[in-house]
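Report on one structure; see the data block that follows.
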Protein chains: 2
Amino acid sequence: MKPLTEMAQSSQIFRNVPRMDVLDLISKGSVKEAERGASIHLQGERAHSLFIVLEGWVKLYRMSSCGNEAVVGVLSNGDCFGEAAAVPGEVFSTGAEAVAASKLLQIDAQDLWHAIDSDPVLCRAFLGATLSDNRALVHQLGQLKSHTAAQRIADFLLSLCKDEVGECIVVLPYDKVLIAGWLGMKPESLSRAFRRLEPYGVKIRKDRALIQSVERLLAFADEDPSKSWSEKAWKTS
Amino acid sequence: MKPLTEMAQSSQIFRNVPRMDVLDLISKGSVKEAERGASIHLQGERAHSLFIVLEGWVKLYRMSSCGNEAVVGVLSNGDCFGEAAAVPGEVFSTGAEAVAASKLLQIDAQDLWHAIDSDPVLCRAFLGATLSDNRALVHQLGQLKSHTAAQRIADFLLSLCKDEVGECIVVLPYDKVLIAGWLGMKPESLSRAFRRLEPYGVKIRKDRALIQSVERLLAFADEDPSKSWSEKAWKTS
DNA sequence: CGGGCCCTTGACGTTAGTCAAAGAGCGTGG
DNA sequence: CCACGCTCTTTGACTAACGTCAAGGGCCCG
């Protein structure tokens, strides 16, 4: 139980909250194990709990009525989801599913309300976490609306090798079906888009991406999609 | 100044907050007038203020480094933006621009912090507002990732005639360039996608949309995009 | 009347989805 | 150890969707 509290304290949401304020809340939570493929909560369901990922991977997704799934988040150690539980009467706006064997800290909504009521510091922590979610969503929206599939992959790879320069090798953290969903495309398109990154010095081997130059990739990720023709002409000559 | 406080109190964010808790905060805000095209705040700028739309229309957008703009929100009376200001040290994750002559209530970040610190009720109100933003973003992502342009328009039109049934006429609340941006497409595509809704009983005349049957449109908005061929074959025969 | 902006239309190219098939791992059981 | 079946991934051919470029019409306002 010791490593559990440490993990939860260093999580995204509680990172900047004094130890004392969170201990009580965390101690009321329970650890839930979820195997790959297990559903954690459903879209539209009453937001009964807050979750913190202690270990593993969780995807947040939106199901359209025709059965089409859109991944809106992929979370790992220290990430937090189900913030809707902080507000009485809310429902989950996404579904959540473990995409790898995972350990979660589950905190009951009522305990949460009580904690928030009695401790303003916690409330602000939630506000911060939700704003952070917001930023992530806005970023994703921006990517989706004004970048090609290949550029979104570039952005994704770059997010995996933050602060690196020059050459670097990154490990793809989950399978390509999920990466495709997360980036808003089909697996086939992902596969092809990886190919299109080769001219920019990116090679994929199994679950590893070899990036020749982070700078070059960055330039590609930011460039205007509408001038692909001129780029291409310039490049194939 | 009287109608101002009323408007602000009935805004999205303060709607469920007791009058007393907000009066003080609102009184510290200042009214800002913005004409069409005026920039309200920039992406990346320190989040110095919270804004509440009293009148007019505001768009939130994300600018990619290549100058491509993605609209991530379109706000009107009672809507609130710049919640990032509630957390010290935050920056705006989007830009904001008036797309029509607008009146805004601008509340300084420091006043906000003070108010939140001294009143937990307000803090929870912000949490609720941010969660609400979150839901909207998630909805938009879902639409973008798993629906065609025509379906997104259908969803948009339906959001304008909530709770209506059968035939109905809605007024497009802003110009088509902005609608296109908001729905993640180019104006040309919007124009063509409107045509594609005609078989489903939608006609556009100037800034009005005539919907023959809300139910039929709803069915179209939710249907699986991948079976368009069979639908089409079935329809043109 | 003229200029500017918004909107539409047409022709065309690129991008990504669909359908189908085959290759690459990988664990299981013989 | 190998054959088998499974899932993940890649590839190919084709199609649909959307963006781009260019032109033209309608409308407002000076």
Side-chain angles (χ1 to χ4, degrees), chain A residues 36-37 64 66-70 99-100 143-154 172-198 203-209 220 223-233 235-236, chain B residues 36-37 64 66-70 99-100 143-154 172-198 203-209 220 223-233 235-236:
Chain A
R36 180 187 161 96
S64 70
C66 55
N68 223 326
E69 160 181 312
V99 290
Q143 285 288 320
L144 218 47
K145 281 189 176 177
S146 48
H147 293 291
T148 66
Q151 288 179 306
R152 298 199 298 273
I153 295 179
L172 304 180
Y174 32 83
D175 70 31
K176 299 189 183 173
V177 175
L178 182 55
I179 297 177
W182 168 235
L183 298 177
M185 67 190 89
K186 302 291 167 195
E188 296 96 319
S189 295
L190 179 75
S191 190
R192 284 189 252 267
F194 269 137
R195 292 276 100 71
R196 303 171 125 228
L197 286 180
E198 281 179 5
K203 281 221 168 45
I204 306 296
R205 268 214 322 265
K206 302 199 49 169
D207 63 341
R208 254 148 245 264
F220 169 73
E223 98 192 358
D224 191 342
S226 74
K227 58 179 187 187
S228 56
W229 56 274
S230 61
E231 282 296 316
K232 216 169 176 177
K235 178 157 293 296
T236 53
Chain B
R36 181 186 160 97
S64 70
C66 57
N68 223 328
E69 161 182 310
V99 291
Q143 285 288 320
L144 217 47
K145 281 189 176 178
S146 49
H147 294 291
T148 67
Q151 287 179 306
R152 298 199 299 271
I153 295 178
L172 303 181
Y174 32 83
D175 69 30
K176 299 191 183 172
V177 175
L178 182 56
I179 297 177
W182 168 234
L183 297 177
M185 67 191 87
K186 301 291 165 193
E188 296 96 320
S189 295
L190 179 74
S191 191
R192 284 189 253 263
F194 270 136
R195 292 278 100 72
R196 305 173 119 226
L197 288 180
E198 280 177 5
K203 279 220 169 46
I204 305 297
R205 269 216 318 266
K206 301 198 50 167
D207 63 339
R208 253 148 248 266
F220 169 72
E223 102 191 355
D224 191 341
S226 73
K227 59 180 187 188
S228 56
W229 56 273
S230 61
E231 282 295 315
K232 216 169 176 179
K235 177 157 294 294
T236 53

For the [atom1] atom of [X] and the [atom2] atom of [Y], what is their distance to the nearest 0.5 Å?
{"X": "Leu172(A)", "Y": "Ile204(A)", "atom1": "CG", "atom2": "CD1", "answer": "5.5 Å"}
{"X": "Lys145(A)", "Y": "Ser64(B)", "atom1": "NZ", "atom2": "OG", "answer": "13.0 Å"}
{"X": "Leu183(B)", "Y": "Gln151(B)", "atom1": "CG", "atom2": "CD", "answer": "12.5 Å"}
{"X": "Ser191(A)", "Y": "Ile179(A)", "atom1": "OG", "atom2": "CD1", "answer": "11.5 Å"}
{"X": "Lys176(A)", "Y": "Asp207(A)", "atom1": "NZ", "atom2": "CG", "answer": "8.0 Å"}
{"X": "Glu223(B)", "Y": "Asn68(A)", "atom1": "CD", "atom2": "CG", "answer": "12.0 Å"}

Under the salt bridge (charged side-chain N to carboxylate O under 4.0 Å, His left out) rule, collect the residues that match up with Arg192(A), sequence neighbours excluded.
none

Produce the list of close N/O pairs, under 3.5 Å, pairing protein atoms with atoms of nucleotides 23-28 of chain D; give distances to one decimal.
none

In whole angstroms, how far is the [atom2] atom of [N] from the [atom1] atom of [X]?
{"X": "Arg196(B)", "N": "dA17(D)", "atom1": "CZ", "atom2": "C1'", "value": "7 Å"}
{"X": "Leu172(B)", "N": "dC7(C)", "atom1": "CG", "atom2": "C1'", "value": "12 Å"}
{"X": "Leu190(B)", "N": "dC7(C)", "atom1": "CG", "atom2": "C1'", "value": "10 Å"}
{"X": "Gln151(A)", "N": "dA16(C)", "atom1": "CD", "atom2": "C1'", "value": "14 Å"}
{"X": "Ile179(A)", "N": "dC8(D)", "atom1": "CD1", "atom2": "C1'", "value": "12 Å"}
{"X": "His147(B)", "N": "dC18(D)", "atom1": "NE2", "atom2": "C1'", "value": "17 Å"}
{"X": "Met185(B)", "N": "dA16(D)", "atom1": "CE", "atom2": "C1'", "value": "16 Å"}
{"X": "Lys186(B)", "N": "dG10(C)", "atom1": "NZ", "atom2": "P", "value": "22 Å"}

Check the pair Arg208(B) / Lys206(B) against side chain to side chain contact (heavy atoms under 4.5 Å, CB included), numbers first and verdict last.
CA-CA 6 Å; Arg208(B) 253 148 248 266; Lys206(B) 301 198 50 167; 5.9 Å; no

Asp175(B), nearest nucleotide to its side chain (from dC18(D), dG19(D), dC7(C))
dC7(C)

Describe the nucleic acid contact of Arg36(A) in one word from base, sugar-phosphate, nothing, applying a heavy-atom distance below 4.0 Å.
sugar-phosphate

Under 4.0 Å, heavy atoms only, any strand: does Arg195(B) hit a base, just the sugar-phosphate, or nothing?
sugar-phosphate

Specify the closest pair of heavy atoms between Ala150(B) and Leu197(B), including all atoms of both residues, with the distance to one decimal.
O-CD2, 3.8 Å

If I compare all heavy atoms of Gly184(A) with all of Leu144(A), which pair ends up nearest, and what's the gap?
CA-CD1, 4.3 Å

Axis-to-axis angle across the helix from dC1(C)-dG30(D) to dG30(C)-dC1(D), five pairs an end, to 10 degrees?
30°

Side-chain N,O ([X]) to OP1/OP2 ([N]) below 4.0 Å:
{"X": "Arg192(A)", "N": "dT15(C)", "value": "no"}
{"X": "Ser189(A)", "N": "dA16(C)", "value": "no"}
{"X": "Lys176(A)", "N": "dT10(D)", "value": "yes"}

Is there a donor and acceptor pair closer than 3.5 Å between the side chain of Arg205(A) and the base of dT10(D)?
no

